[in-house]
Amino acid sequence: MQISKHKQVLLIAWLLTLTVWLPPVWYYFFRTDYFLDGFRRLQKFSYSAPFLLIIFFCAVLLSLPKRQTRKNIIGVGCSFLTIGFLLQTYAMFHRTGGLIIMGAGIGLLSTLARGEGEPLSSTTAQISKTKPANQRDGFFFAWVAVAILGTPMLWYRVVGTDFFLTGMRSLQNPAFAGPFFLIMLCWAVLLSFPKRQTENTNNGAASSLLTMSIFLFWYAEFIQTASFSLYICTMLWMSRTSQQKADNTQVNNAG
């Protein structure tokens, strides 16, 4: 029997949640290393807490029937892709199932391939799918985020001295800032195409940036730079919210 798309979303979200939460729970109760070597870095909760909590929150969000919408699934899928990429990139999390988490993100996004995740018969769903954003806020703030993440690296490479803003000097190291820069560069390039400047794309970019901002806020070596990314993330969310209000206004006028 074929599983419905809504059940597929729940299955992917909660299976991933159980997978990533098992290492810290195992270590807490048994006080021994987790039996899967590739997931042992997640057993130290002080390091893995932000990723574990984000994944758990996403699973709870998608468990609420009214919240299992197209834009939320896109946001969660993009967050999973971002988490998986970061886990796969940084040495302190190397081999912590990053590919599995990225696979879960791709799986969630694939449930929308044929338009499931929100009833396409609804006017709001049709508008959000076909209507491009009225404003270029997502495009603008995505490139601002790229500039913020890339300027310290460029400064250090060209000038050869520490970046003039102390709180952003951790970003001048490509080993630290490179993954963030690449993620936001991809979003910025995508949002540079007018046809891609939609509410769903803005929501995906904002969710991805929110995940990176939590990463910056949690770890000591990045904490002073978190406020910049959080600000940009807030602007992207405002862009998405403004577009949603515009869509709702059009629906009410059409009715």
Side-chain angles (χ1 to χ4, degrees), residues 54 70-90 98-99 101-113 117 128-158 163 168 170-216 222 225-226 228-244 246-247:
I54 290 173
R70 180 186 299 278
K71 59 178 178 288
N72 284 342
I73 294 175
I74 290 175
V76 172
C78 293
S79 293
F80 286 175
L81 287 173
T82 303
I83 291 173
F85 183 76
L86 293 176
L87 291 180
Q88 198 68 21
T89 301
Y90 287 99
L99 293 178
I101 298 175
M102 292 178 71
I106 294 173
L108 282 176
L109 295 176
S110 69
T111 63
L112 300 176
S128 64
K129 182 179 179 183
T130 60
K131 180 186 176 183
N134 291 328
Q135 46 201 320
R136 297 166 63 88
D137 290 352
F139 161 81
F140 173 75
F141 288 111
W143 279 109
V144 170
V146 170
I148 288 175
L149 294 168
T151 300
M153 289 188 293
L154 182 63
W155 176 279
Y156 187 76
R157 183 175 181 85
V158 175
F163 193 58
M168 295 181 63
S170 59
L171 293 178
Q172 70 188 21
N173 185 353
F176 285 116
F180 298 103
F181 177 78
L182 289 175
I183 292 172
M184 281 314 303
L185 181 63
C186 290
W187 281 115
V189 170
L190 181 64
L191 287 167
S192 297
F193 296 95
K195 291 184 179 180
R196 297 297 181 182
Q197 292 173 14
T198 63
E199 179 187 353
N200 289 336
T201 308
N202 281 334
N203 186 72
S207 299
S208 182
L209 187 56
L210 176 61
T211 302
M212 292 188 288
S213 300
I214 294 173
F215 187 101
L216 292 172
F222 292 116
T225 64
F228 292 92
S229 290
L230 285 171
Y231 175 75
I232 302 303
C233 180
T234 302
M235 293 299 100
L236 282 171
W237 278 113
M238 289 176 62
S239 171
R240 183 191 65 82
T241 303
S242 298
Q243 178 61 33
Q244 183 178 1
D247 291 342

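Basis for what follows: all heavy atoms, side chains included, without hydrogens, waters or symmetry-related copies.
Between atom NZ of residue Lys195 and atom CG of residue Leu190 there is a gap of 13.5 Å, rounded to the nearest 0.5 Å. Considering CE of Met102 and OG1 of Thr82, their distance stands at 9.0 Å, rounded to 0.5 Å. From Ile214, atom CD1 reaches atom CE of Met212 across 11.0 Å, with rounding to the nearest 0.5 Å. A distance of 10.0 Å separates CZ of Phe85 from OG of Ser208, quoted to the nearest 0.5 Å. To the nearest 0.5 angstrom, Lys71 atom NZ is 12.5 Å from Asn202 atom CG. To the nearest 0.5 Å, atom SG of residue Cys186 and atom CG of residue Leu191 are 11.5 Å apart.
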Evaluate side-chain contact (heavy atoms from CB on, under 4.5 Å) for Asn200 paired with Leu112, printing each intermediate quantity in order. CA-CA 12 Å; Asn200 289 336; Leu112 300 176; over 6 Å; no
Report the C-alpha separation of Thr201 and Ile74 in whole Å, then their side-chain angles, then the decisive distance to 0.1 Å, and conclude whether the side-chain contact (heavy atoms from CB on, under 4.5 Å) test is met. CA-CA 8 Å; Thr201 308; Ile74 290 175; over 6 Å; no
If you look only at distance, which donor and acceptor atoms sit under 3.5 Å apart when one is on a side chain in residues 176-183 and the other is two or more places apart or in another chain?
none

Could you give the side-chain donor-acceptor pairs of residues 139-146 under 3.5 Å, partners two or more places apart or in another chain?
from: Trp143; atom 1: NE1; to: Ala188; atom 2: O; distance (Å): 3.3
from: Trp143; atom 1: NE1; to: Ser192; atom 2: OG; distance (Å): 3.0

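Checked against side-chain contact (heavy atoms from CB on, under 4.5 Å), Gln88 has the following partners two or more places apart in sequence or in another chain: Leu99. Applying the side-chain contact (heavy atoms from CB on, under 4.5 Å) rule to Ser79 yields the partners Ser207, Thr211; only residues at least two apart in sequence or on another chain are considered.
Around the OH atom of Tyr156, the shell of radius 6.0 Å holds no more than 12 heavy atoms that belong to other residues, nucleotides or ligands.
Closest approach of Met168 to Ile148, counting heavy atoms only: CE-O, 3.3 Å.
Side chains of Phe80 and Val76 form a contact here, defined as non-hydrogen atoms less than 4.5 Å apart. For the pair Leu171/Thr151, no side-chain contact is recorded, criterion being any heavy-atom separation below 4.5 Å from C-beta on.
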